[in-house]
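The structure appears below as structure tokens.
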Amino acid sequence: MMRSKPTLHCTNRLLLNLQINRNNTTPSSSSWNTQLRELAKQGQYEEGLRLYRQMLRSPAAPNAFTFPFALKSSAALSLPTSGEQLHCHVIKTGCHDEPFVQTALISMYCKCCLVGNARKLFDESPQSKQLTVCYNALISGYTQNSQFSNAVALFCQMRLAGVAVNSVTMLGLTPGCTSPMHLVFGMSLHCCNVKSGLASDLSAQNCLLTMYVRCGSVELARRCFDGMPEKGLITWNAMISGYSQNGLATHVLDLYREMELSGICPDAVTLVGVLSCCANLGAQKIGREVEQKIERSGIVCNSFLKNGLINMYSRCGNLVRARAIFDGMREKNLVSWTAIIGGYGMHGQGEIAVQLFDEMIRTGIRPDGTVFVSVLSACSHTGLTDKGLDYFYMMERNYGLLPGAEHYCCIVDLLGRAGRLQEARKLIESMSVEPDGAVWGALLGACKIHKDVELAELAFDRVIELEPTNTGYYVLLSNIYSEAKNIWGVSRMRVMIKERKLKKDPGCSYVEYKGKTHLFVAGDKSNPQTAEIYKLLDKLEGLILALGRPTKHEIERRNEELISRMGVHSEKLAIAFALLNSVGKEILVIKNLRVCGDCHLFIKLVSKIVDCHFVVRDATRFHHFKNGVCSCNDYW
DNA sequence: ATAGGGTTAG
């Protein structure tokens, strides 16, 4: 992308020196300006400012043509001190009434996060209020400084003043629509664009597409995308990232393929989106292809891409490769550390995760809420209870970070696993933020481990208030009743599910095969090999029986009717599919929720029969099944 | 010659 930059840089230097030294006369202001313009055009802003300072020392005086370039450089580098200095020079040279300079000043202050200064300039100059460009600069400034309501107010003021609105006005305003509550306004902007004939502009369309994604409507974004007769790289990237951010991983892969077919060359931004979906799907082969593509095509592997690779390899079970990339990074940022810490946590290697976290702190990186989620969940999976609690209290005390529901969720899980159930319950009751379903769900899960029916019922009541349609919780409590031989409880769950007309477990599983990912949901019959899959599952049940083990898990037998309502679990279908197609010695199955007890036992027994190593990644961690043994007993 | 805009990770 920016590969040729260093050479250009040298060339420019040479050119500059040549031009300044060739003619023994001192260069005129306009020749300084030409050089400044070239540097700004090529994004060499540091060089630009250096040149400007050089100019100040020369006999040539800066003029109205000098400032826009110099200001642009300060703005791009977000250097308010240098910007304010330039402002002084502007006044000293009497250029402050020049509209171009005024606009550049407004824009500079906005980019340096000093919107107040920008507004003051705007208000104090009567002519600014007549100029589209000044409004545009300030409107986009408000938007970029998260002051959308001010941007909208100024937009209204602009229209009342009768100042012409153009496509750049829309480009400044549209990105302010960032949440579903802005959708209606965003759509009205879209209409406005169409009516005033501004909609054919490629950038405006890219902007609208992104706006729909951020407002939560991927469908409308896709409709925009499909309606664009000419698509640029940014168009494809915006759509791919849109799918990726909304977890529509298979759509990402389809679109990426389509993009390649249409002859558009992906760049780093594209591949970041693709890697993120490979991570979600456990599609390591596709992810590896992406890595090879980076090496072959000479795309600069920037920190975004490296972090994407670390995350992809960690979540596909290849910690060795993830670690190698991490170790090879010269400048590791917070995201890099979070990705690798999360990777070790998911693999049950909490000690290493904790060591890495401490190392990160030592290198002077300030942690945020997300990296605390990684390290806290790593502690809970490895039973590092006290260590986890230390970190939890450290959050607020040392870093002023208020724990959110997701942190409480980790701590409830941590205390729960350690059998400190009442402590966990008290913690929930003392929470400063409203507990969500996951928090009570964690307590419910802990009650299963420690067979506490009474507390389980309490947690269940709370969780079901918050997530009444999540069938996983009904099954979980039913399993708890089942283990306690509480037949009444089991049937109560059955009735509740029936009455509430809850049907399918929303869970799904993925397997990668021949460079494609195959999706299964519970009770799925849409796969072309469905008949063979069910036949193989029957055969496996038979083989398990021949081992002298029960055909079905005891719990599953008691819950038979309940399970049959849910359909065959997605994990079982995915495993049968993988075996049927000889995916390999090691089979990776991705489950979007938690692996349940029934499947856990089933997979364990199957790994005894077939010469295969199963790796299941669920919502929280990796489970390795081999020769009838599993690496952990962590399931719902 | 001179001002205003869109896509990226945990």
Side-chain angles (χ1 to χ4, degrees), chain A residues 1 29-38 40-41 62-72 75 95 98-108 110-111 128 131-141 143-144 165-175 198 201-211 213-214 232-242 244-245 266-276 279 302-312 314-315 322 326 332-343 345 367-375:
Chain A
M1 208 170 36
S29 295
S30 76
S31 74
W32 286 99
N33 291 348
T34 311
Q35 294 299 326
L36 266 171
R37 184 184 54 190
E38 271 312 300
K41 208 161 127 193
N63 60 25
F65 294 134
T66 317
F67 292 116
F69 300 126
L71 285 166
K72 193 176 184 166
C95 296
E98 202 58 55
F100 298 106
V101 179
Q102 253 172 26
T103 315
L105 277 169
I106 292 174
S107 164
M108 177 277 294
C110 290
K111 296 239 164 69
S128 295
L131 292 171
T132 303
V133 278
C134 283
Y135 278 96
N136 289 355
L138 196 51
I139 287 174
S140 92
T143 304
Q144 276 159 17
V165 169
N166 65 14
S167 64
V168 183
T169 320
M170 294 304 175
L171 293 174
L173 209 49
T174 321
L198 304 171
D201 184 73
L202 182 61
S203 309
Q205 286 178 306
N206 291 339
C207 235
L208 287 166
L209 197 166
T210 307
M211 183 271 291
V213 170
R214 293 211 265 243
L233 176 60
I234 291 183
T235 317
W236 288 93
N237 286 351
M239 197 64 236
I240 285 178
S241 313
S244 159
Q245 285 155 14
D267 72 351
V269 179
T270 323
L271 299 183
V272 165
V274 175
L275 283 175
S276 143
N302 63 20
S303 62
F304 279 83
L305 268 175
K306 288 212 172 101
N307 292 341
L309 284 168
I310 295 171
N311 183 40
M312 183 274 294
S314 302
R315 295 173 60 95
F326 176 81
K332 305 170 175 67
N333 62 24
L334 182 56
V335 178
S336 330
W337 288 95
T338 310
I340 197 75
I341 290 169
D368 70 354
T370 313
V371 72
F372 269 108
V373 172
S374 288
V375 75

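So you know, we letter chains A, B, ... as the sequences are listed, proteins then strands, and number each from 1. Note that the structure is a prediction, hence the values are computed from the model and not measured. Just so you know, these numbers use all the heavy atoms, side chains as well, and skip hydrogens, waters and symmetry mates.
- A/Gln102 has no side-chain polar atom (N or O) that falls below the 4.0 Å cut-off from OP1 or OP2 of B/dG4.
- Residue-level contact check: A/Lys111 touches the backbone only, with heavy atoms under 4.0 Å from sugar-phosphate atoms and none from bases.
- Distance A/Leu271 CG to B/dT8 P: 14 Å, rounded to the nearest Å.
- Taking every side-chain heavy atom of A/Val269 into account, B/dT8 is the closest of B/dT8, B/dA9, B/dG6.
- The interatomic distance linking A/Asn333 (CG) with B/dT8 (C1') rounds to 12 Å, in whole Å.
- If you check every strand for non-hydrogen atoms under 4.0 Å, A/Thr370 touches a base.
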Table of protein N/O atoms under 3.5 Å from nucleotides 1-3 of chain B N/O atoms:
| residue | atom | partner | partner atom | Å |
| --- | --- | --- | --- | --- |
| B/dA3 | N3 | A/Thr103 | OG1 | 3.2 |

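- Across all strands shown, A/Leu138 has no heavy atoms under 4.0 Å from either base or sugar-phosphate atoms.
- Remark: P of B/dA9 and CG of A/Asp368 are 14 Å apart, rounded to the nearest angstrom.
- Looking only at atom types and distance, the side chain of A/Asn63 has a donor-acceptor partner in the side chain of A/Thr66 under 3.5 Å away.
- With sequence neighbours excluded, no residue satisfies side-chain hydrogen bond (donor to acceptor under 3.5 Å, both in side chains) with A/Gln205.
- A donor and an acceptor atom, one from each side chain of A/Ser244 and A/Ser276, are located under 3.5 Å apart.
- Side chain of A/Ser140, nearest nucleotide from B/dA9, B/dT7, B/dG4: B/dG4.
- Between the A/Asp368 side chain and the A/Val371 main chain, a donor and an acceptor come within less than 3.5 Å of each other.
- Nucleotide B/dG10 holds its P atom 17 Å from the NZ atom of A/Lys306, rounded to whole Å.
- Considering only side-chain atoms of A/Val272, the nucleotide from B/dA9, B/dT7, B/dG6 that sits closest is B/dA9.
- Atom CH2 in A/Trp236 sits about 18 Å away from atom C1' in B/dT8, given to the nearest Å.
- Nearest to the side-chain atoms of A/Leu202 among the listed nucleotides B/dG10, B/dT7, B/dG6 stands B/dG6.
- Minimum heavy-atom separation, A/Val101 to A/Ala64: CG2-O, 3.7 Å.
- A sub-4.0 Å separation between OP1 or OP2 of B/dT7 and a side-chain N or O of A/Asn206 is absent.
- By the side chain to side chain contact (heavy atoms under 4.5 Å, CB included) test, A/Pro99 pairs with A/Gln127, A/Leu131, sequence neighbours left out.
- For A/Asn136 and A/Asn166, the side-chain atoms include at least one donor-acceptor pair closer than 3.5 Å.
- Within the structure, every side-chain polar atom (N or O) of A/Arg315 is placed at least 4.0 Å from both OP1 and OP2 of B/dA9.
- Checking the phosphate oxygens (OP1, OP2) of B/dA9, a side-chain nitrogen or oxygen of A/Gln245 falls inside 4.0 Å.
- Atom CD1 of A/Ile240 is separated from atom C1' of B/dA9 by 15 Å (rounded to the nearest Å).
- Atom CG in A/Asn166 sits about 14 Å away from atom P in B/dG6, given to the nearest Å.
- Rounded to an integer number of Å, the gap from A/Leu309 CG to B/dA9 P is 14 Å.
- Looking at A/Leu138 and A/Cys110, their side chains come closer than 4.5 Å, going by heavy atoms from C-beta outward.
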